[in-house]
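The chains referred to below are lettered A, B, ... by the order of the sequence lines, with proteins before strands, and numbering in each begins at 1. Owing to the predicted nature of the structure, the values given are computational and were not obtained by experimental measurement.
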Number of protein chains: 2
Amino acid sequence: MFMEPIRVFKALSNETRLNILKWLKEPEKHFPKQGAHLPKGVSIKGGVCVGDIQEKAKASQSTVSQYLNMMQNAGILESVRYGQWTYYRRNEEILSRLAEYFKTEI
Amino acid sequence: MFMEPIRVFKALSNETRLNILKWLKEPEKHFPKQGAHLPKGVSIKGGVCVGDIQEKAKASQSTVSQYLNMMQNAGILESVRYGQWTYYRRNEEILSRLAEYFKTEI
DNA sequence: TTGACATATCGAGAAATCCAGATATACAAT
DNA sequence: ATTGTATATCTGGATTTCTCGATATGTCAA
């Protein structure tokens, strides 16, 4: 996955999306019931399911799904399916490369 | 002038605007005739006039003027008028705060 | 004061984005 | 097989952005 700054900036140009990204930085803080659907022993570190994100974001299900998809396409989120749930988490690898890009090239 | 990340991200969500910001990082490299209209002894460090930017950006005069205005409103550029010319330059203060914001809060 | 030039602002059509409801898909449980 | 739940995708109207040409404003030079 390569890094397209403009796509990323578009993804971050919306308050709800920006909030989601920030919330996912501290999932246990912002999503107390994190991982509630996962069987014992399975943990998707930092991942939160769409429904929990939607509830917090107070936007429609389709909107949140599209937001998450958009952020994933921009490379800043990644998803893991588990049963009927999709867990999204930050792609820290890309995000730190972006921070470096911002610092040195912008 | 305070920092509104979303406005900044919108400003950076366009290839031409992003290019302008990058060009202004090394004005002497990208705008060889920089400061051509300034009288001797007057120098607007890092500043480039709208016409020179327009020529390089290959967009209409009004478009470039609006782009520059938008970037200024976002805080990432600042302008200095000199006679009939307006020189735009990067607001490095804001930009480095943004880089730090990106690194620590995004 | 007139004319020329640099830049800003206005107005508008085209294109893109926003965001919801409706529907589809995928999986789980019965 | 059927039902229920989670998520994705489709469709489309409303809003915003893009980008230009036209026009206005401001400044300098003659």
Novice: How long is the line joining CD1 of I20(B) and C1' of dC18(D), in whole Å?
Specialist: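 Taking atom C1' of dC18(D) as the reference, CD1 of I20(B) is at 14 Å.
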
Novice: CG of L68(A) versus P of dA6(D): gap in Å, rounded?
Specialist: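 My rounded result for the distance is 16 Å.
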
Novice: In terms of the angle between their ring planes, are F9(B) and F102(A) parallel, tilted or perpendicular, with boundaries placed at 30° and 60°?
Specialist: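 Geometry flag for F102(A) against F9(B): perpendicular rings.
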
Novice: Going by side chain to side chain donor-acceptor pair (under 3.5 Å), name the residues that satisfy it together with Q66(B), two or more places apart in sequence or in a different chain.
Specialist: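 Side chain to side chain donor-acceptor pair (under 3.5 Å) list for Q66(B), sorted by chain: empty.
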
Novice: Give the rounded distance in Å between these two atoms: CZ of F9(B) and P of dT17(C).
Specialist: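 About 17 Å, once rounded to whole Å.
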
Novice: Over its full length, what angle do the end axes of the helix from dT1(C)-dA30(D) to dT30(C)-dA1(D) make, each axis taken from five pairs and the result rounded to 10 degrees?
Specialist: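 Comparing the axis at each end, I get an angle of 20°.
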
Novice: CD of Q72(B) versus C1' of dT9(C): gap in Å, rounded?
Specialist: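 Answer to the nearest Å: 15 Å.
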
Novice: Would you say T86(A) places a side-chain N or O within less than 4.0 Å of OP1 or OP2 belonging to dA8(D)?
Specialist: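 Checking T86(A) against dA8(D): at least one side-chain N or O falls below 4.0 Å of OP1 or OP2.
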
Novice: Relative to each other, are the rings of F31(B) and W23(B) parallel, tilted or perpendicular (30° and 60° limits)?
Specialist: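 Correct class here is perpendicular.
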
Novice: Can you tell me the distance, in whole Å, between the CE atom of M70(A) and the C1' atom of dC18(C)?
Specialist: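 So the two atoms are 10 Å apart, to the nearest Å.
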
Novice: Write out all pairs satisfying salt bridge (Lys or Arg N to Asp or Glu O under 4.0 Å) with one or both partners inside residues 59-81 of chain A, taking only residues at least two apart or from two chains.
Specialist: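 Those involving residues 59-81 of chain A are E78(A)-R89(A).
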
Novice: Looking at residues at least two apart in the chain, or sitting in another chain, which of them share a side chain to side chain donor-acceptor pair (under 3.5 Å) with K25(B)?
Specialist: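 With sequence neighbours excluded, K25(B) shows a side chain to side chain donor-acceptor pair (under 3.5 Å) to no residue whatsoever.
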
Novice: Mind checking what makes salt bridge (charged side-chain N to carboxylate O under 4.0 Å, His left out) contact with E100(A), not counting sequence neighbours?
Specialist: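 For E100(A), no residue satisfies salt bridge (charged side-chain N to carboxylate O under 4.0 Å, His left out) once neighbours in sequence are set aside.
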
Novice: List for me each residue that meets side chain to side chain donor-acceptor pair (under 3.5 Å) alongside E55(A), sequence neighbours excluded, and say none if there are none.
Specialist: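 For E55(A) the side chain to side chain donor-acceptor pair (under 3.5 Å) partners, ignoring immediate neighbours, are K33(A).
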
Novice: Return the value, rounded to whole Å, for the distance between atom NZ of K10(B) and atom P of dT15(D).
Specialist: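 Atom NZ in K10(B) sits about 15 Å away from atom P in dT15(D).
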
Novice: Without decimals, in angstroms, what is the distance between L12(A) CG and dC18(C) P?
Specialist: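 Distance, rounded to whole Å: 12 Å.
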
Novice: Return each pair, listed once, that meets salt bridge (Lys or Arg N to Asp or Glu O under 4.0 Å) where at least one residue sits in residues 14-24 of chain A; pairs must be two or more places apart or across chains.
Specialist: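 Passing the test, one end in residues 14-24 of chain A: no pairs.
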
Novice: Distance check needed: dG21(C) P versus Q54(A) CD, whole Å only.
Specialist: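 Computing the Q54(A):CD to dG21(C):P distance gives 11 Å.
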
Novice: List the residues meeting side chain to side chain donor-acceptor pair (under 3.5 Å) with S13(B), not counting sequence neighbours, and say none if there are none.
Specialist: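 Testing S13(B) for side chain to side chain donor-acceptor pair (under 3.5 Å), a comparison that skips the adjacent residues, returns S13(A).
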
Novice: Spell out protein contact along nucleotides 19-30 of chain D as letters: B when the base is contacted, S when just the sugar-phosphate is, - when no protein heavy atom is under 4.0 Å; keep the 5' to 3' order.
Specialist: BBBB---BBS--

